[in-house]
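On a predicted model such as this, the values are computed, not experimentally measured, just so you know. The first residue of the sequence shown is numbered 1, and numbering continues consecutively from there. Just so you know, ligand 1 is whichever comes first in the structure, and atom 1 is the first atom listed for that ligand.
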Amino acid sequence: MRYPTKYDSFVGLEIHVQLTTESKIFCGCRNRFGDEPNTNVCPVCMGLPGSLPSLNQEAMSKAYLVAKALHCDLADTCLFERKNYFYPDLPKNYQISQFAKPLGTNGWIDIVVDGVTKRVRIHECHLEEDAGKMIHAGDMSLVDYNRTGTPLLEIVTEPDLNLGEEAEILIHELRRIVRYLGVSDGNMDEGSMRCDANVSVNTKGAGLGRKVEVKNLNSSRFVRLSLNYEIDRQTEILEDGGTVVQETRLWNENRDQTIVMRSKENANDYRYFPEPDLPPFRTTPEFLADLETRIVELPLDRRVRLVSTLGISQTQAEVIGEEKANADYFEKVLEYGADGPTVATWMTGDVQKLLNRTGQSAAESPLTPERFAELLTLMAEGKIHGKIAKTILELVFEKNKNPRVIMAEQGLEQMNDSGELAKLVSQVLVDNPVAVEQIKAGDTKPMGFLMGQVMKASGGRAEPGMVQKMLKEHLG
Ligand code: ZN
Ligand code: MN
């Protein structure tokens, strides 16, 4: 990662997160992505005269839950305001949002940059309604109002980030958080998470520079690319003795650069005023108690705990901790007495391969946590070795049965009986005189071959360590 030397760069983010609720924020219309355009609409979300909004409590709960997870001070009373602007995707000509009293303020989120934890302050979280979606096709523009009124949580950070990479990491961490909390799918491809950013560059130590806004970033990669582009652009202007113009820019993904959208003179004046049709929202003890029951261990805390208390590697913790359901599954397996590092190795290796093949998640696969632990127990007890364990694992997926049952049914139990093994070894030595001679003459190469012959004769069940020891004893 590059760090500017003569200059400081500052990046703040405004991230919009669509909340997954059954219905929209102020009406009963279905809140769902991908439906036939303009089918989930009604007089309220279309802003028809005389219609009145009523607040979706579930949207409010989910918004507060995120604010709580981001360590914000939660407002005991918050207000809705009208943010006025004219655009075809906004049928009411105003967006109901929060301005003077947002629901959460003064929070923070921790991110890990190059192995170092960095705390980024959260200025505020506020709840608002999404606008419709414009579709531009040639010289025609269409609008889909299904999205109008989708509950939208806006999270505003302080300008505590310094580079595009850090912004990208923050977005990934926030995505994990909202998914862990079950309040959003955080899917940037479908617009469930969208990002605007402000960037400024200034002489080192001189504080914030003149900020430029970069809008409508719809992938974390574009966030990184556009911010680094902006930092470079502004640095060059300062290097040349120029002044950065305060303006709003857009990322042009075809040209890999930001372009001017509007200058400050044309900036919007939103004329906020209180929404007269919605009373202020007041939290109750029940509402706050409900949040307590819904809060979960945050993804970063969980990754740290998995590494520090269960001894698994950072990379394994990242894979396992990416989704809450997977991390839960992992810890369930451990509840049956399995050992953390062993489960992690299997889970991120052979188990993951099978899951990829079947397209299932661990939790919905035939490999229940109990079966997983049983498989590892069979190995620990010396009943099967690693290779047989892999065979049994595949059979668990295929037959949906317990590993112990499969082992018994298929006769896969490891051969540990030294008498039986000795017989197999002697037979193999008799059958392969050439190899035996070679080894006795000092060429150890055929050792692997003989080993393979014994394993084959045992149907793969011989305990490899014992076989090796016996061969060595015979051949010196
Ligand atoms: Zn509606
Ligand atoms: Mn907003």
Side-chain donor-acceptor pair under 3.5 Å between Thr21 and Glu58, yes or no?
-> no
Take the angle between the ring planes of His71 and Trp108 and call it parallel below 30°, perpendicular above 60°, tilted in between.
-> parallel
Cys29 SG to Cys45 SG via the Zn ion (ligand 1), rounded to 10°, gives 110°
Identify, by name, the N, O or S atom of Glu154 lying closest to the Mn ion (ligand 2).
-> OE1
Give a yes or no on whether His16 keeps an N, O or S atom under 2.8 Å from the Mn ion (ligand 2).
-> yes
Do you know which N/O/S atom name in Glu128 is closest to the Mn ion (ligand 2)?
-> OE2
Side chains of Gln18 and Asn187, donor plus acceptor under 3.5 Å | no
Residue pair Phe99, Tyr270: steps toward the ring-ring contact (aromatic ring centres under 6.0 Å, His included) verdict | CA-CA 11 Å; Phe99 185 63; Tyr270 294 119; 8.9 Å; no
